[in-house]
Amino acid sequence: MPLIEPPDHAGEAVAALLAYLGDSQFDAGKIERFSALCDELRRGIGLEGRLALAERLEADAPIGDTIRLRSVLFLLTGDLYHYERILHYLLLGGEAVDPAQMHYVHWCLSRQLFLGIAGGEKLASFVPCDLFRYYTALVRRTTRSWRLAPAAAPLRDGPIRRVAVVTNQFTNRGHQPTRDCFDYAARLQDDFGLDVAIINVNGLPGQVENLFIPPMVAEVVEDMEGVFAMRMLGRQVKVASFTGRAFNRDKLSLIVEAIDGYDPDLILAFGGSNIVADLFADAAARPVLCLPTSSGVTLSLAPVVLGFDERDHTASIPALYREPFARRFRPFTFGYTLPPSDGDRIETGFAEGTILFAVVGTRLDHEVTGEVLSLFDDILDRCPDAGLVFAGEVVDLPARLAKARNHGRMRCLGHVGDIRALYRRCRVFLNPPRQGGGGGAAFALAEGVPVVTYDWGDGASVSGPSFCVADRTAYVERAVALANAGAAGAEAAEAAARSRFAEVGDRRRCVERLLAYGEEVRTILRGQRGG
């Protein structure tokens, strides 16, 4: 049964929220407290109680800030109707709406979708319909309002020689998307002899633009500015990095000019919602190929959008919205390059030989909900000699672990520098219900650690059908069976894990295929111009 808060507590919550919704003076601290209150109510009240709370708010909230009100109502309910209202409000504002406002909302909203907050039947069509059309309007509004349409560049004969890898976020070697971006660029350069530059746009929000709750301000490495050679993974690649926090015409104009000055034969949009790459794609100015960094529907205007895996995910898009995605989709495997490992023993707090479950991620505070902790508790109940470790920086999770039945056998390790060394101490990788988790699952498989995951998200895409389960009961049964397997069973599970990584982890083959798709994009653009 869902929890329903007593009337007096609900009244206090309504009063507190109404005070924030009517306030006209905000600083960073107040926005943080506002967001924390919404998160506390979302986690602490059952759905029925939150729906009742949202109904009272909608009736009594002051009129005038659609973004603030509807983002809060979405957090309480998970109902995408409220996000639809925000998108329509901005779209109906026409040319009067600043692209920076649209950009900020796009990323704040997308982050909540990635974290799995949305519920209900609208989810199947929201991204390929509402959000894709909004994103397309954002790119075109940016082009028109800031006069940023790139000029059509001549198409050179011969094979691809020069590639610009355009990424929205590039931080440090501890950030998996940064490592993947660098690895692709380095392989294009060193293994295939191309001239390659990483264009670090820092295209995620760098500052708060409106009262969308919760806010989103991405990490920007301030001293990573200008053009320089970066060393990582034993290789070196040139990087052009733009660290301005404001999303404005000056910044984007500078980046467009830099890309045109570099004069690439191919722009590789590393990740979806890559606005700078899409300025070139929408103007048919240069060949653009999109390489998604996550499974599911990718928002891109590139003429070819690769899959995160070989499956045609567009088949699950409602028929009315499928065609633009199906036409541009090409099967692909993202692939992985293993991080270095020095082989040192990782201290877990458990005795040597203890059977360990591993849960790894960079957003565990959000992903390990009360429901997920209950799932892990049920697994540990049936494995009385086993332990469970969480690897990844956390803030709130330790306090919530203290309330678990098996809290004494759950440990938060924080950031683990040598994740492969940790996996070598573990028996099973437990993937929480989440969109991400691809890298964690891939490196576990490489070390022979079998994965247990539901059949959706990056972790499932990487692991493949044999490691996926259908429901909660099957999840518990699979995890317990793997933990309690005898020597022969454990050896078979290890072999299956390593075999799966060998199948999906060949990054060099991935780059080879990517270049072939790059040539297809060039052919498509030639055909467009010829027509």
Side-chain angles (χ1 to χ4, degrees), residues 103 106-107 110-111 114 162-190 194-207 216-248 251-252 254-259 261-262 264 266-280 288-294 298-300 302 306 308 334-337 339-340 362-363 393 415 417 436 438-439 458 507 510-511 514:
H103 169 263
H106 172 76
W107 282 108
S110 296
R111 182 172 185 268
F114 187 86
R162 187 173 298 157
V163 179
V165 181
V166 180
T167 180
N168 275 319
Q169 188 176 36
F170 194 79
T171 56
N172 57 68
R173 66 189 68 240
H175 180 239
Q176 186 61 45
T178 295
R179 292 172 59 86
D180 285 322
C181 179
F182 187 92
D183 186 58
Y184 264 102
R187 287 177 180 273
L188 286 165
Q189 172 186 275
D190 299 340
L194 305 183
D195 184 348
V196 181
I198 295 171
I199 311 297
N200 177 26
V201 174
N202 280 304
L204 305 182
Q207 61 187 25
M216 177 182 177
V217 177
E219 177 186 3
V220 175
V221 182
E222 302 289 355
D223 60 358
M224 197 181 286
E225 171 67 33
V227 179
F228 55 91
M230 183 170 189
R231 290 198 63 82
M232 189 189 299
L233 307 173
R235 305 193 187 202
Q236 180 172 296
V237 177
K238 59 178 169 287
V239 176
S241 184
F242 303 84
T243 59
R245 288 188 170 273
F247 181 83
N248 57 28
K251 177 178 178 176
L252 266 63
L254 187 64
I255 298 170
V256 168
E257 289 174 6
I259 293 173
Y262 182 59
L266 176 69
I267 292 175
L268 179 61
F270 191 80
S273 298
N274 198 315
I275 290 180
V276 169
D278 284 331
L279 291 174
F280 286 89
V288 179
L289 173 67
C290 179
L291 174 61
T293 56
S294 183
T298 298
L299 300 184
S300 172
L306 303 181
F308 187 73
F334 185 71
Y336 288 92
T337 294
T362 57
R363 292 174 289 270
E393 293 183 359
H415 173 70
D458 299 354
R507 179 60 65 78
C510 296
V511 175
L514 181 145

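The analysis underlying the following values was restricted to heavy atoms, covering all of them including side chains, and did not include hydrogens, waters or symmetry mates.
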ask   = With no hydrogens and no angle check, do the side chains of D458 and S294 hold a donor and an acceptor under 3.5 Å apart?
value = yes
Do [X] and [Y] have side chains that approach each other closer than 4.5 Å (heavy atoms only, starting at C-beta)?
X	Y	answer
F280	V256	yes
F170	C181	yes
I275	H106	no
V221	T243	no

Do you know the tightest heavy-atom contact between [X] and [Y]?
X	Y	answer
G272	N168	O-ND2, 3.6 Å
N202	K251	O-NZ, 3.0 Å
S300	C290	OG-CB, 3.4 Å
I259	P264	O-CD, 3.2 Å
Y262	A197	OH-N, 3.4 Å
V288	A269	CG1-CB, 4.4 Å

inquiry  = Assess the residue pair V237 and R187 against the criterion (side chain to side chain contact (heavy atoms under 4.5 Å, CB included)); give the C-alpha distance rounded to whole Å, side-chain angles, the decisive distance to 0.1 Å, and a yes or no.
reply    = CA-CA 10 Å; V237 177; R187 287 177 180 273; over 6 Å; no
Those residues that, when tested against R245, pass side-chain hydrogen bond (donor to acceptor under 3.5 Å, both in side chains) (two or more places apart) = E222
Please round to the nearest 0.5 Å and tell me the distance separating atom [atom1] of [X] and atom [atom2] of [Y].
X	Y	atom1	atom2	result
T178	M230	OG1	CE	7.0 Å
T337	L233	OG1	CG	7.5 Å
L306	T293	CG	OG1	12.0 Å
D190	R235	CG	CZ	5.0 Å
R507	Y336	CZ	OH	8.0 Å
L268	I199	CG	CD1	11.5 Å

Side chain of [X], backbone of [Y]: donor and acceptor closer than 3.5 Å?
X	Y	answer
R162	D195	no
T298	P292	no
H103	G203	yes
E219	Q169	no

ask   = Got more than 12 heavy atoms from elsewhere within 6.0 Å of CD, E225?
value = yes
request  = Would you please indicate if the ring centroids of F182 and F270 are separated by under 6.0 Å?
outcome  = no
request  = Report the residue from V166, V163, T167 that forms a side-chain contact (heavy atoms from CB on, under 4.5 Å) with I198.
outcome  = T167
ask   = Given L252 and F242, is the side chain to side chain contact (heavy atoms under 4.5 Å, CB included) satisfied, shown in steps?
value = CA-CA 9 Å; L252 266 63; F242 303 84; over 6 Å; no
ask   = Can the positive tip of R179 be found less than 6.0 Å from the middle of the six-membered ring of Y184, inside 45° of the ring normal?
value = no
